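Only one structure is covered here, and it is reproduced in the block below.
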Amino acid sequence: MQQYRTHNCNELTKENIGMQVKLSGWVQKIRNLGKMKFIDLRDELGITQIVISDDLQDSTKEITTESTIMVCGEVVERQSKNYKIKTGEIEVIAKQINILGKCNTVLPFEINSNEQNDVREDLRLEYRFLDLRNDKIHKNILLRSKILQTLREEMNKMEFIEIQTPILTSSSPEGARDFLVPSRLHPGEFYALPQAPQQFKQLLMVAGFNKYYQIAPCFRDEDPRADRSPGEFYQLDFEMSFATQDDVLKVLETVILNTFRKHAKGTVDLNVSRIPYLEAIEKYGSDKPDLRNPLIIEDVTSILSNLEFRAFQNKIVKAIKIPNGASQTRKFFDNLSEYVVEELGAKGLAWLKIENGLNGSIAKFITPCVEKDLIEKIGAKEADAVVFIADDKEKASKIAGGVRIELGKRLNLIEKDVFRFCFIVDFPMYELSDEGIINFNHNPFSMPQGGMESILNSNPLDILAFQYDMVCNGYELASGAVRNHDQDVMIKAFEIAGYTKEDVEKKFGALFKAFSYGTPPHAGAAPGVDRIVMLIAGEENIREVIAFPKNKKARDLMMKAPSAVTQKQLDEVHIALKTSEKK
RNA sequence: GGCCUGGUAGUUCAGUUGGUUAGAACGCUGCCCUGUCACGGCAGAGGUCGACGGUUCGAGCCCGUUCCAGGUCGCCA
């Protein structure tokens with residue numbers, strides 16, 4: 001007989017009645033009835049009920065919840081069946097029980113408890129090895145494994161090859177802060193952990209690899225968000241040579257939609273629309289619109305900015321029509337208005353109801369002529385309501401986007417159990433910073449649309465890039481670009497953002513040099529693995545799909561990282577701490 | 001870094017206008033119980049009320065400072 005188990009805890013059924021079996025697992029629950037007791041024995045796959053009769057009472061006295069035990073016994077049919085579990089028609093009468101690993105410490109929280117207690121997250125993180133025994137999160141990690149498998153299968157099917165790139169590399173000029181690693185062999189010099197394998201994958205294209213991918217760890221020293229893991233995260237990084245934007249979007253569609261179709265519960269909308277960046281901002285007030293939300297933002301500046309109403313004068317005015325919104329109370333609009341002012345930084349929120357004419361905060365300013373234009377423009381009808389946001393050009397769309405999301409939530413307009421995707425394309429190449437300086441908007445490696453011609457002859461702020469995001473239900477799932485592989489265009493593009501040729505050579509030394517040796521046009525993207533798993537698992541917090549996540553302050557509460565090191569270690573890497581920062 | 005919310009038993013929480021010995025549920029320990037599966041019954045242990053300072057005759061509660069945690073904005077090409 002096997003040493004620890006002949007079966008898993010999910011597999012014994014009526015078919016096995018009469019068999020002598022051996023099971024091993026965790027003690028999830030002991031129900032002691034005096035001269036007999038029941039144990040729910042759990043392993044990763046399921047639960048089997050063990051019956052302990054009077055003669056084994058002494059040897060089982062020591063068994064505690066969450067200990068690991070091995071049970072030898074016979075499978076019998078239950079007198080009273082439990083149809084809630086797969087093995088509920090049988091039980092195992094124990095003949096011998098061995099404690100394999102005793103749980104002899106008070107548990108910091110209950111595991112798989114029926115109580116609906118949400119345990120404090122920092123405690124869960126400190127005892128993650130116990131938290132991961134909880135069914136819900138355990139299943140998330142199993143799901144993650146299945147998703148990773150599918151991602152690899154899909155990429156392999158499309159003839160991408162997996163190549164690993166360095167973790168210790170040089171500090172890069174990309175956007176986020178680097179994690180630095182001091183060099184022992186080279187005093188005063190540092191490695192950096194890659195924010196993404198960006199330059200490596202481009203160099204692989206120069207090296208003649210046709211299609212590369214990697215499930216790559218990426219490191220960025222930035223503050224986390226609910227949907228953003230602090231410090232480290234994984235991307236399905238890929239790059240293709242002799243490829244266009246369409247080629248990449250096709251790959252993204254294939255790998256992402258197939259993965260969602262295979263693993264997600266709910267409908268996967270296979271129609272992936274392409275929305276130009278400016279249109280997305282105009283209609284949704286966001287470059288990652290949630291298409292499950294039916295509300296659309298309309299620009300009504302030309303109709304309303306001439307009203308007597310001073311808040312609209314010389315402002316951009318955005319409107320959102322709420323179908324059948326006239327039934328909402330004044331209180332509803334007041335509450336919404338409060339939210340918009342306090343949370344979104346708007347100056348106010350105007351609203352109108354269309355019921356027997358116009359009602360609402362700005363009704364008295366609307367002349368019949370304006371009313372006709374307005375209703376025509378936004379397609380409003382009787383019983384609808386409209387809210388208005390007026391602000392500067394830069395803020396109006398963003399605030400309207402926030403109102404759109406909040407209205408969707410408050411009116412319960414967001415479709416359930418469906419995944420709606422879109423590509424956001426045509427991102428502007430440059431943006432104007434707060435200081436009035438022209439910066440790269442997104443990714444300095446991307447190819448400006450129109451190439452050298454547009455770089456030389458256009459207003460920089462009008463130049464679009466071959467740059468794209470894939471968005472699902474309001475989350476940015478992937479980001480990519482056709483890369484700028486032309487040295488001359490690159491120099492010019494960087495010149496506009498205030499970099500000299502020497503800067504470029506210095507910052508992107510290897511890449512820039514490589515481009516002078518015959519470079520294939522290439523393009524790629526990088527879907528965020530954690531976020532894909534989060535969406536498929538239906539979680540709103542990314543830490544629920546990561547086995548050992550860091551907390552909000554980027555600490556590993558279980559391993560106690562980061563932590564102080566010995567003076568000897570510091571000396572070896574030639575680091576002296578500022579005295580004020582020593583702990 | 002800004003703003004918001006929270007920190008009371010092992011866990012999740014309640015705690016009245018500032019007033020006797022700080023409570024409940026689950027968990028834990030002991031005893032009883034042969035058909036439970038959210039087992040049941042009885043008894044019990046378990047608290048620096050995050051920390052420090054202040055106001056007060058008296059502080060879990062009010063004030064200040066600080067630490068920790070979560071959310072959000074900045075940030076994340």
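Please read these numbers as outputs of a predicted model, since none were measured by experiment. Letters go in sequence order (proteins before strands), and every chain restarts at 1.
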Are side-chain heavy atoms of [X] and [Y] found at a separation under 4.5 Å?
X      : Y      : answer
A:P521 : A:V482 : no
A:V403 : A:I389 : yes
A:F494 : A:F508 : yes
A:N293 : A:R404 : yes

Decide yes or no on side-chain hydrogen bond (donor to acceptor under 3.5 Å, both in side chains) for A:D334 and A:S337, but give the supporting numbers first. CA-CA 5 Å; A:D334 286 347; A:S337 177; 5.9 Å; no

Look through every strand shown and name the nucleotide pairing with [N] as Watson-Crick or G-U wobble, where both distances are under 3.5 Å.
N     : result
B:U55 : none
B:U5  : B:A69
B:C61 : none
B:G27 : none

Determine the Euclidean distance between corresponding [atom1] atoms of [M] and [N]; express it in Å to zero decimal places.
N     : M     : atom1 : value
B:C52 : B:C67 : C1'   : 10 Å
B:U34 : B:G41 : C1'   : 16 Å
B:C62 : B:U17 : P     : 11 Å
B:C26 : B:U65 : P     : 41 Å
B:U16 : B:U11 : C1'   : 26 Å
B:G40 : B:U72 : P     : 39 Å
B:U20 : B:C61 : P     : 14 Å
B:U29 : B:G46 : P     : 15 Å

Within the 4.0 Å heavy-atom criterion, would you say [X] contacts the bases, only the backbone, or no part of the nucleic acid?
X      : result
A:R543 : sugar-phosphate
A:N441 : sugar-phosphate
A:S53  : nothing
A:L123 : sugar-phosphate
A:N541 : sugar-phosphate

Which comes earlier along RNA chain B counting from the 5' end, the contact point of A:N551 or that of A:D227, where each point is its nearest nucleotide?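 Of the two residues, A:N551 wins.
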
Nearest nucleotide by nearest heavy atom, which residue falls closer to the 5' end of RNA chain B, A:K550 or A:F440?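 The residue whose closest nucleotide sits nearer the 5' end is A:K550.
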
Which of these, A:K14, A:R78, A:K81, sits in a salt bridge (charged side-chain N to carboxylate O under 4.0 Å, His left out) with A:E89?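 Testing A:E89 for a salt bridge (charged side-chain N to carboxylate O under 4.0 Å, His left out) against A:K14, A:R78, A:K81 leaves exactly one candidate, A:K14.
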
Quick one: [X] [atom1] to [N] [atom2], roughly how many Å, whole number?
X      : N     : atom1 : atom2 : value
A:L344 : B:C4  : CG    : C1'   : 14 Å
A:E126 : B:U11 : CD    : P     : 10 Å
A:E222 : B:C73 : CD    : C1'   : 14 Å
A:E110 : B:A9  : CD    : P     : 15 Å
A:I111 : B:C28 : CD1   : C1'   : 14 Å
A:R228 : B:G70 : CZ    : P     : 15 Å
A:Q57  : B:C32 : CD    : P     : 11 Å
A:D556 : B:A69 : CG    : P     : 13 Å

[X] has a side chain; which of [options] sits nearest to it?
X      : options             : result
A:A226 : B:C75, B:G71, B:G10 : B:G71
A:T65  : B:C28, B:A69, B:U29 : B:C28
A:K552 : B:U72, B:U11, B:A69 : B:U72

Start with the C-alpha distance between A:Q245 and A:Y468, add both sets of side-chain angles, then the distance that settles side-chain hydrogen bond (donor to acceptor under 3.5 Å, both in side chains), and finish with yes or no. CA-CA 8 Å; A:Q245 171 168 309; A:Y468 33 83; 6.0 Å; no

For residues A:V248 and A:A523, report the shortest heavy-atom separation together with the two atoms involved.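 Answer, listing the atom of A:V248 first, then A:A523: CG2-CB, 3.5 Å.
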
Check whether any side-chain nitrogen or oxygen of A:R225 sits under 4.0 Å from OP1 or OP2 of B:C75, and answer yes or no.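 The answer is no; no side-chain N or O of A:R225 sits under 4.0 Å from OP1 or OP2.
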
State whether A:K553 places a side-chain N or O below 4.0 Å from either non-bridging phosphate oxygen (OP1 or OP2) of B:A69.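 For B:A69, OP1/OP2 do have a side-chain N/O of A:K553 under 4.0 Å.
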
Quiz question: going by heavy-atom distance under 3.5 Å, is there a donor-acceptor pair between the base of [N] and the side chain of [X]?
X      : N     : value
A:R220 : B:C75 : no
A:R120 : B:G6  : no
A:D223 : B:G74 : yes

Output one line per pair: protein atom, nucleotide atom from nucleotides 44-51 of chain B, and distance, for all N/O pairs under 3.5 Å.
none

With A:Q198, which of A:Q195, A:K201, A:Q202 fulfils side chain to side chain donor-acceptor pair (under 3.5 Å)?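 Going through the options one by one, the only one that passes is A:Q202.
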
Take A:Q49 and A:R31 through the side-chain hydrogen bond (donor to acceptor under 3.5 Å, both in side chains) test and state the conclusion after the steps. CA-CA 10 Å; A:Q49 175 165 283; A:R31 288 181 294 278; 3.0 Å; yes

Hey, can you tell me if A:F440 and A:Y499 have their rings parallel, tilted or perpendicular (30° and 60° cut-offs)?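 Ring orientation of A:F440 relative to A:Y499: parallel.
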
Would you mind building the protein contact string for nucleotides 33-40 of chain B? One character per nucleotide, 5' to 3', B for base within reach (heavy atoms under 4.0 Å), S for sugar-phosphate only, - for untouched. BBBBBSB-

Just jot down the salt bridge (Lys or Arg N to Asp or Glu O under 4.0 Å) partners of A:R124, sequence neighbours excluded, or say none.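 With sequence neighbours excluded, A:R124 shows a salt bridge (Lys or Arg N to Asp or Glu O under 4.0 Å) to A:D131, A:E544, given in chain and number order.
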
Is a side-chain N or O of A:S479 found less than 3.5 angstrom from the main chain of A:D469, in a donor-acceptor match?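 Answer holds: no.
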
